[in-house]
Amino acid sequence: MSILCGLPILECVYCLGCARWLWQKCLYTAGLESENWGLATAEEFEPVPRLCRLILSVYEDDLRHPLWAPPGGYGINPDWVIVKRTYEETGGCATPYMIYLDHDNVDIVLAIRGLNLAKESDYAVLLDNKLGQTKFDGGYVHNGLLKAAKWIFDAECELLRDLAEMNPDYRLTFAGHSLGAGIVSLIAMYAVQNRDRLGTIERKRIRCFAMAPARCVSLNLAVRYADVISSVVLQDDFLPRTTTALEDVFKSIFCLPCLLCLMCLKDTCTLEENMLKDPRRLYAPGRLYHIVERKPFRIGRFPPVVRTAVPVDRRFEHIVLSCNATSDHTIIWLERESQWAVDLMLEKDRIMEIPAQQRMQRQECLAREHSEEYEAALRRAVALNVPQAAYSPSYGTFAEVEEGESSGSSSRAGSLLSLKRMRVHWDNFIERLFDVDESGRMVFKKSST
């Protein structure tokens, strides 16, 4: 009898939990996650739209006669394509990819396309994972994506080594979208761990751009490789926020209410501290770039703003209830919005008439700022007791730290954040003080009397 009396109470608690979850989801917007991040500059974000077009070109059968080229074309030279692999050549072990020698931008690029909904082999790669199944370099990674990454690296490492040795000034860049983004992230990590197989290439010459990536690495690895991997997320994109195991999502298609109930209970009852302390929980890798183009309770798209940081907490933890959650995941929209953002950054730099010497100084300051932000993220991971997180400045790996270092980590991160805010406030001050005349030069605003 006492059990039957307690059932209404349990039902009320469950309904209140569901109502709280629904209320938070309705008020939650993607811009809240990155509202305190710094603004990206044109120098660091310029490769993104170019690499998006390169990834799009992998979908073409004949690059000399493209069928789906974006406005302005892909911007590549078909003669510089070294290798282009198809599904038949990969045997289903990985999605199609291409190696491109970009002489214009001093780059050796390995680009991988995203998920093909018509290919069972792509689903097999994506669903080949269980929580805590595969360990890598002191953390956990997605099992299927790691297998695909190792397959591509083993197949192409000799070619990449020859290209790197023949072009010692070129950078080795890995780029991918969606499923391919997770694969290139793990290729970059695997390449850093096996640099001897790539000749004499240094860690600083290896970089990775993951467009709309799946959550594929544990938190300690996501922060440790932030100097190598950059993840780009467009507004409400669902995939970097998907915390439910992908195989459970596909299995629950015929019982979607059951899945929503489980997600409701999980989001309501799981504390963020417990999420951070779970060593098996996967995250989007590396430094994050968030393109924000819509505002709450507004209709339409606004000029995109790109924010960047190496966050430890609030790292795209919640799915956004938005009608654009799937369209923001597409590589076409990502290319358009990132190109628009870069054009706005370049236009702003042109109006400000930054001299070449000051531009070089800004690039050096940006590299130093990124390094400090990277170290601050490592220290914050230690302060938050992230599993297997201990700070060391060498090669982005972890080592033991003293207790005093963790106590000063929050102040160091706060000073870095205040520096970024000062830069934003300075830009706003310049906009209030100056106008642009018809010739494009900056002049003082005339006070209205």
Side-chain angles (χ1 to χ4, degrees), residues 47 50-51 54-55 57-61 63 76-114 121-122 124-125 128 134 136-137 141-177 179-210 216-217 221 225 227-230 285-286 395-397:
R50 170 167 51 86
L51 293 174
L54 194 58
I55 295 169
S57 68
V58 182
Y59 290 79
E60 297 282 359
D61 295 327
L63 290 175
I76 64 175
N77 186 344
D79 296 329
W80 294 350
V81 176
I82 307 300
V83 165
K84 193 170 185 295
R85 306 293 188 193
T86 62
Y87 277 107
E88 288 74 18
E89 292 174 287
T90 62
C93 296
T95 54
Y97 61 91
M98 178 175 68
I99 296 179
Y100 181 71
L101 189 59
D102 191 348
H103 294 290
D104 292 337
N105 297 284
V106 196
D107 232 348
I108 303 167
V109 184
L110 191 154
I112 305 180
R113 60 161 286 172
S121 58
D122 286 4
V125 172
D128 182 16
T134 305
F136 178 85
D137 192 21
V141 297
H142 190 286
N143 182 64
L145 298 181
L146 181 62
K147 286 182 179 178
K150 287 183 176 180
W151 189 92
I152 295 177
F153 185 82
D154 292 339
E156 308 296 346
C157 67
E158 293 184 4
L159 175 59
L160 294 175
R161 181 188 61 205
D162 294 339
L163 292 174
E165 290 177 350
M166 288 188 295
N167 303 276
D169 297 330
Y170 286 33
R171 300 190 69 167
L172 178 58
T173 301
F174 301 99
H177 170 251
L179 175 64
I183 295 175
V184 294
S185 299
L186 296 178
I187 291 178
M189 295 167 56
Y190 194 70
V192 169
Q193 291 294 314
N194 297 272
R195 281 180 293 139
D196 55 325
R197 298 178 60 182
L198 295 174
T200 58
I201 191 169
E202 303 90 357
R203 181 188 176 108
K204 63 181 180 181
R205 286 178 59 194
I206 301 175
R207 64 177 180 175
C208 172
F209 286 89
C216 57
V217 298
L221 295 179
Y225 285 90
D227 61 327
V228 176
I229 304 173
S230 298
Y395 296 103
T397 55

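We count residues from 1, following the sequence as given.
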Legend entry - Sole candidate of L110, L51, V109 that passes side-chain contact (heavy atoms from CB on, under 4.5 Å) when paired with F174: L110
Legend entry - Any donor-acceptor N/O pair, Y59 side chain to G114 backbone, under 3.5 Å: yes
Legend entry - Heavy-atom neighbours of E158 CD exceed 12 at 6.0 Å: no
Legend entry - Close side-chain approach of D102 to T173, heavy-atom, < 4.5 Å: no
Legend entry - All side chain to side chain donor-acceptor pair (under 3.5 Å) counterparts of Y87, not counting sequence neighbours: D122
Inset, instruction - Compare all side-chain heavy atoms of E156 with those of V83 and state whether any distance is below 4.5 angstrom. - result: yes
Inset, instruction - Without swapping roles, check the side chain of K150 against the backbone of Y190 for a donor-acceptor pair under 3.5 Å. - result: no
Inset, instruction - Please name the residue in the list P285, S185, S230 that meets the side-chain contact (heavy atoms from CB on, under 4.5 Å) test with C208. - result: S185
Inset, instruction - Check salt bridge (charged side-chain N to carboxylate O under 4.0 Å, His left out) between R171 and all other residues, then give those that pass, not counting sequence neighbours. - result: none
Legend entry - Side-chain donor/acceptor of R205 to backbone N/O of Y170, under 3.5 Å: yes
Inset, instruction - Would you please name every residue forming a side chain to side chain donor-acceptor pair (under 3.5 Å) with D162, sequence neighbours left out? - result: none
Legend entry - T134 side chain reached by K147 side chain, heavy atoms, under 4.5 Å: no
Legend entry - Pair L146-M189, side-chain contact (heavy atoms from CB on, under 4.5 Å): steps then yes or no: CA-CA 10 Å; L146 181 62; M189 295 167 56; over 6 Å; no
Legend entry - D154 bridged to R197 by N-O distance under 4.0 Å: yes
